[in-house]
Every structure is written in structure tokens, then in C-alpha cells.
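Here is the structure we will look at.
Residue numbers start at 1 and run along the sequence shown.
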Amino acid sequence: MNTVFQVLTLLGSLGMFLYGMSLMSGGLQKMAGDKMRTFMASMTSTAFKRVLTGIVVTALVQSSTATTLMLVSFVNAGLLTLANAIGVIMGANIGTTVTAWIFALSFGDGSFSFGAIAVPLMFFAYVLLSMKKVSYRNGGEFIMGFALLFLGLSTLRETSTVILDNEPVRVFLSHLTGFGVGSILIFMVAGACMTLMLQSSAATMAITMVLVAHGYIPFEMAAAMVLGENIGTTITSNIAASVANVSAKRTARAHMLFNLFGVCWVFCIFHPFLKAIGHIVTAFGFPNPATTDFMTADPETQSALVASLPFCVATLHSIFNIVNTMILIWFVPQIEKAVTWLVPSPEGEEEVFRLKFIQGGPLSTAELSLNEAKLEIIHFGEVCQKGFNHIREAVNSLDSENFDDRIEKLVKYEEITDKIEYEIASYLSEVSSEELSATSTSRIKGMYRIISEMESLGDSGEAIARMLKRTKEHEKLFDATLLKKLNKMMDYVETAYDAMLENIRKPYGELKNISNAQEAEAGINSYRNVLRDEHIASIEKSNYNYQTGVFYMDIISELERIGDFIINISESQLLENEA
């Protein structure tokens, strides 16, 4: 019964550790909020800044997995290019070593213990969590997570020592270490599997430090587990990216390639690499872990090893990631090509939501920044027109599977337009914080109006999707005559889209009139009036079912609303040019 209780205590301490890590990371991300998002999106202009961004963010959130998941979501949203994300990933792998160093401190000579201050910290965390101000509660969440993390680590050390400190366990672990290269592979696989199961390389790192600090496994096998952890941590991001777009999948694959390459070259020079680590830690006054056997060492040396081995593991982890980054930072274009080959774009489909021109913060001058924003707005208009094509295909779709696919795409395009509007607006807000001329201020106001109308185009697409779905659910299909009229109305809207894009593509100051857009809008309104009169007459003559007619006119009305949004865009562009 005592053994069962000890095992449950061990599992509970592991759960406390993982929950504390999650709570601390979540609290920090909430405290940082959009600042971290902006920092990651803007600090990517050079390779050095990308790596530095990865280091800083990961050191803060205490999880390379969390950083990679953020990167996946940012690339999925088009905030970062794949090349930029690869650089940040390299930095994230260095940043995650900060966690290992913090753990190593808790394994020190006993003069200081994070576990000892964990419980007192909980009081302060509770006080903050009890406050009404959100920022204080987020701070309390972070402190509570920190306390639980190290309380869990402290309990994990104590409990694991009691459970593992018996002869059968030592014999079993000793047996596993006797297969030479095979043992290295076994412990690499063990590290990868533990990281995958726990969804945390930090937890596996803590367990590795416990095992090596108390002599249950030699330093050589601990090093193998560290290599395995670097493979296991990539699996989480790849699982998260499995439901994301192609760019996000490529980001996750880049993370995997980076770590796999590092593991491969270290494995090829495994023993020389460990000797180099041994020389480094010896220079700091610690026993050489690569040449000192814990079991045969004298008590004084054993005590020194208990204190130093966690630092040796942290050193190995840091050197591995730093050297790997120094090698691969020069090959980002090649990594990008490799992951593009591994994750090809779907045939016949192009990813639409990816900011093409805004890749970071504002440029050196407001004028350059506004030109960049204008290019992104043109791209936004092209995305809206592509979304409109799915409306036409959905209206004319006879195949049930194709219809459902188009409806799903229209819903997705509504989300896309929301995201693009938000990102462009955030960028314009950053530009507005600089000293601007009256002309630039006027241009920004016009751009705000334009992106707001474009976002409304996405809303209308989703509204039509809902109408078409209800039409199908009620089995009120449109006959050939109604479809012909709907297609003609969409032709008018298509003409309006072309006029809109023609107008917003003109360089600033060159748009003098919008007669093309006005004529297209007049055509939409005129044909809408014709169809409304025909509808009333058809209902009186019972030419078609009344409910079918309601669905039909709802779609016509929404198409006319799209025309209103489109003409508003051209009018805003004209006002911007006249300022």
C-alpha cells in the first residue's frame, strides 16, 4: 500500500509540475497580451532579431512548445512569413534552455531552494488573484504557476528518490546502459516518448536531472535523453499544425527539421561532443561528468557530482541549441525550400490569407509605411473578390459535397476578412503613433474606412452562405430561371468588384473620378429593382413557392448590399486622394 501511495504521490507531483508550468505560461501570455504579439510580429527584420525574439519570448513563457504554437498561429494568420518564423524557432530552442538552468539551480547545494519559497509565494498569488483588476489577477496566476511548478519539482525529486532508490531499479537501469550505441538510442527514444506523453520537454528535463543527479543513469544516457527531448518537443507543434493552413504546417516541419538535424550531427560525434562539454564544465570547477563514474567515485566526489550534474545537463542543452542555431541560421532559405517540398500547396487551391506586404512594424517614414499598407489593402480587395467567387459557385452547385465545401469556404473567408482588417488596422495604429503630416493623417482615415467596408464584404458572404444552407435544408431549390437571374445579378456585382480594384490600385493622387464604380452600382440597383418587381408579380401568379421566393430575394438583397460596400470603398479612395 505504501508503494502505491508513493507512486500516486509521484504522479501527483508531476501533475502539479505540469499544471504549474501551464498556469505560469498562461499568466505571462495574458499579462503581455498584444505586446508579445506585436513584439513577435515586428522584431523580425533581421536574422539576429528573429533569433533574439525566439530567445526572449521562450525565456518569458518558459516553453518552446508555447512559442512554436504561437508561431504556428501567427503564420496561419499571415502575421509572419515562413522564413521569419524559422529564425524565431531557432531562438526558441535557445530560449528553452533558460528553463533547464532554472531547474539546475533548484538542484544546487541546498543553500537555496525554489521549493522552499513556493508555499509562501502562494499567499501573495492568492491576494493578487482575489483582486478585481485583470492585470493583477494575471500576475497572481503567473506567481501561483511558478510556486506550483517548483513545489511539484521539489516533491518530484523527493518522491522519485524514495521509489528509485532500490536495487532492482538500479539493476534494470544499469542493464539498459550496457548496450553501447544501442543504449544511446534507447534513452533517446525514452526522452522523445516521455516528452510526447507529458507534452512538455521541461518536465522530461526535470526527470532527466533527477535521474542523473542521484546516479540512477550516467551522464552519457542523460545526454541521450536530452537529444530525445528535442525530437519529442517538435511533435506537439506538428499535431497543432495538422488542422492549420499550409504555411503553419511548414512552420511546424521547420521546427522538426531543425531539431532532427541537430540530433543527427550530435549523435554522429556523440562521445567527442560529451568530452567537449566535460572540458567546459571542468573549466568552471566541476568534476568532469564524461570521465567520472558516480558509482565508483568517493563520497566527496559523489556529492560534487550530485550538485554539478544538473548544471552539466543544462550546459549540454544550451551548447547543443546554440551551435545548432549558429550552423543553420545561414541555411534558412534551404530549410524553407525543404519544408515547402515536404508540405506542397494543395493542387488548384492557393492560400488566400497571408499578409504579403506588411511583415513587421512601420517602416522608417510614414509615407513608406502607408505605401506598404496600400499594397496590403489591394491584396485585401483581391481576397474579397476571390471570396465572392465562392458565392457564385455555391449558388450554382448541384453536387452536395461541393456545395458544403463552398459554404465552409465562405465561413472561412469571413474569418479571414476579420483577421486581415484587424492586422491592417493594428499596423495603421502603429503608424498613427508617429508624427504625421495632415495628408498622411487623412490617408490613414481613408484606409480605415476602406478596410472596414472590405470586412463587411466577408460578413455578407457568410450571410449568403447561411441563406443558401437554409434553402437547401428546407428543400427549396432554385429553378433554372431563378438561377439565371441570380447569375446576372452576380455579373453586375463582379463588374463592381473590377471597378473597385481598378480604383484602389491607382497610385495615390491619381484617382480623379469613380464613374466606373458609380455606373456599376447603378446597374446593381436597377437590376435589383427589376427583380423585386418581377418577384411580386411571380408570387401573385404563384409561379414559384412563396418560401423559395423569400430565400431568393434575401440573396438578391444581400448581393445589393455587397454593391453598397463596394461603392463605399471607391468613394473612400476618392476622398483619400482629394485630401
Side-chain angles (χ1 to χ4, degrees), residues 243 245 349 352-353 383-421 452-497 500 520-521 523-569:
V243 295
N245 65 13
E349 184 175 333
V352 292
F353 180 40
V383 168
C384 292
Q385 187 175 40
K386 188 164 184 177
F388 181 74
N389 293 337
H390 290 299
I391 295 177
R392 187 186 292 275
E393 291 180 26
V395 168
N396 291 283
S397 179
L398 298 175
D399 177 65
S400 178
E401 185 176 341
N402 184 58
F403 175 82
D404 292 339
D405 181 60
R406 297 303 158 188
I407 295 300
E408 186 178 329
K409 285 189 180 297
L410 286 171
V411 174
K412 180 66 176 176
Y413 267 76
E414 191 277 331
E415 297 173 2
I416 287 170
T417 54
D418 284 348
K419 290 177 181 177
I420 297 181
E421 183 205 19
S452 176
E453 298 294 339
M454 286 182 175
E455 189 276 332
S456 296
L457 291 173
D459 293 341
S460 287
E462 185 188 31
I464 291 176
R466 290 197 302 269
M467 295 171 193
L468 290 170
K469 198 170 182 180
R470 286 201 300 270
T471 302
K472 186 178 179 182
E473 288 171 353
H474 287 83
E475 298 181 350
K476 304 298 181 183
L477 301 179
F478 303 133
D479 59 24
T481 301
L482 293 181
L483 282 175
K484 184 177 179 179
K485 293 175 180 178
L486 281 168
N487 277 296
K488 187 173 180 180
M489 182 65 165
M490 286 188 285
D491 288 339
Y492 280 110
V493 176
E494 191 74 44
T495 301
Y497 261 112
M500 176 198 81
E521 167 69 0
I524 292 172
N525 290 339
S526 177
Y527 192 57
R528 185 275 316 270
N529 293 338
V530 169
L531 294 181
R532 185 170 55 193
D533 293 341
E534 287 181 355
H535 168 69
I536 294 171
S538 295
I539 290 296
E540 290 174 351
K541 296 176 183 178
S542 299
N543 289 348
Y544 47 69
N545 178 275
Y546 175 78
Q547 194 172 18
T548 301
V550 170
F551 289 137
Y552 163 69
M553 284 309 298
D554 283 346
I555 294 173
I556 293 295
S557 297
E558 198 61 44
L559 288 171
E560 190 273 331
R561 274 169 53 81
I562 289 176
D564 291 340
F565 297 136
I566 291 173
I567 189 65
N568 289 344
I569 291 168

* **Heavy-atom closest contact (A394 atom, L468 atom, distance)** => CB-CD1, 3.7 Å

* Pairwise side-chain contact, M490 with I562, heavy-atom cut-off 4.5 Å (strictly under) -> no

* Structure fact -> So CD1 of I566 and CD1 of I524: to nearest 0.5 Å the spacing works out to 6.0 Å

* Considering residues at least two apart in sequence or located in another chain, which fulfil the ring pair (Phe, Tyr, Trp, His ring centres under 6.0 Å) criterion with Y552? -> none

* For residues I556 and R528, determine if any side-chain heavy atom of one lies less than 4.5 Å from a side-chain heavy atom of the other. => yes

* Asked: Quick check: are there more than 12 heavy atoms from other residues, nucleotides or ligands sitting under 6.0 Å from NZ of K485?
  -> yes

* Asked: Side-chain contact, heavy-atom cut-off 4.5 Å: L482 with T548?
  -> yes

* To do: For side chain to side chain contact (heavy atoms under 4.5 Å, CB included), just list the numbers for N389 and E494, CA-CA rounded to whole Å, side-chain angles, deciding distance to a tenth of an Å, and then say yes or no.
  => CA-CA 9 Å; N389 293 337; E494 191 74 44; 3.7 Å; yes

* **Residues D491, R392: salt bridge by 4.0 Å N-O rule** => yes

* Any side-chain heavy atom of M454 within less than 4.5 Å of one from T417? -> no

* To do: State whether the number of non-hydrogen atoms from other residues, nucleotides or ligands found under 6.0 Å of E534 atom CD is greater than 12.
  => yes

* Separation between CZ of R466 and CG of L410, rounded to the nearest 0.5 Å -> 11.0 Å

* Structure fact -> To the nearest 0.5 Å, atom CD1 of I569 lies from atom SG of C384 at 6.5 Å

* To do: Indicate the atoms forming the closest heavy-atom contact of A496 with A520, along with that distance.
  => CA-CB, 3.6 Å

* To do: Could you tell me whether the side chain of V395 reaches within less than 4.5 Å of the side chain of R406, counting heavy atoms only?
  => no

* **Those residues that, when tested against Y527, pass ring pair (Phe, Tyr, Trp, His ring centres under 6.0 Å) (two or more places apart)** => Y492

* From CG (N487) to CZ (F478), nearest 0.5 Å -> 11.5 Å

* Are side-chain N/O atoms of N529 and R532 paired as donor and acceptor at under 3.5 Å? -> yes

* Between the side chains of E521 and N525, is a donor N or O closer than 3.5 angstrom to an acceptor N or O? -> yes

* Asked: Do the non-hydrogen side-chain atoms of E560 and D564 ever get within less than 4.5 Å of each other?
  -> yes

* **pair E393-K409: side-chain heavy atoms closer than 4.5 Å** => no

* To do: Please determine which of L559, L457, I464 meets the side-chain contact (heavy atoms from CB on, under 4.5 Å) test together with F388.
  => L559

* Are the charged groups of E558 and R561 less than 4.0 angstrom apart, N to O? -> yes

* Do D459 and F565 come close enough that some side-chain heavy atom pair is under 4.5 Å? -> no

* E462 side, atom CD; M467 side, atom CE - distance, nearest 0.5 Å -> 11.0 Å

* Interatomic spacing from CZ in F551 to NZ in K469 - rounded to 0.5 Å -> 13.5 Å

